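Following: one structure in structure tokens, then a few remarks.
The figures here come from the full heavy-atom set of this structure, side chains too, leaving out hydrogens, waters and symmetry mates. Being a predicted model, the structure only gives us computed values, none of them experimental.
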Amino acid sequence: MLDNVTWLEPVRPFLEPVLIGAAIVFVLDLIGNLISFSNRILNALATAIVFAVVFGGLLYTGVLKLDVRTETTTTSAPATPPAATTP
């Protein structure tokens with residue numbers, strides 16, 4: 001038996017924001033679909049506009065923050081072995 005550890009624990013930090021984002025996009029797509037009267041091209045355009053307005057508004061007001069960091073690592077060349085001496 002697994003003691004309080006499930007197979008989902010290692011992926012939970014990544015899975016939770018993805019599921020929340022999917023639910024938000026689903027609701028925004030429903031709104032876009034209602035606005036466009038079920039026309040596919042207008043639906044895609046309306047969904048993109050509604051998403052841009054909501055996402056931009058959340059970023060602008062500070063409700064949502066993007067934490068994007070670039071980390072660089074330096075690698076050193078492997079040390080060369082000393083040259084062999086001939087007697």
Any chain of hydrophobic side-chain contacts (each under 4.5 Å) joining Val27 to Phe51?
yes
Could you give the distance from CD1 (Ile49) to CD1 (Ile31), rounded to the nearest 0.5 Å?
13.5 Å
Sorted by chain and residue number, the side chain to side chain contact (heavy atoms under 4.5 Å, CB included) partners of Leu34 (sequence neighbours excluded) come out as none
Quick check: closest heavy atoms across Gly32 and Ala46, and the distance to 0.1 Å?
O-CB, 3.6 Å
Considering only distance and modelled atom types, tabulate donor-acceptor pairs under 3.5 Å from the side chains of residues 55-63, sequence neighbours left out.
from  : atom 1 : to    : atom 2 : distance (Å)
Thr61 : OG1    : Gly57 : O      : 2.9
Thr61 : OG1    : Leu58 : O      : 3.4

side-chain contact (heavy atoms from CB on, under 4.5 Å) with Val50: of Leu45, Ile35, Val25, only one passes, and it is Ile35
If the test is side-chain contact (heavy atoms from CB on, under 4.5 Å), which one of Leu30, Ile24, Asp29 qualifies with Phe26?
Leu30
Can you name the residues that form a side chain to side chain contact (heavy atoms under 4.5 Å, CB included) with Ile41, not counting sequence neighbours?
Asn39
Those residues at least two apart in sequence (or on a different chain) that pass side-chain hydrogen bond (donor to acceptor under 3.5 Å, both in side chains) with Asn43 are Thr47
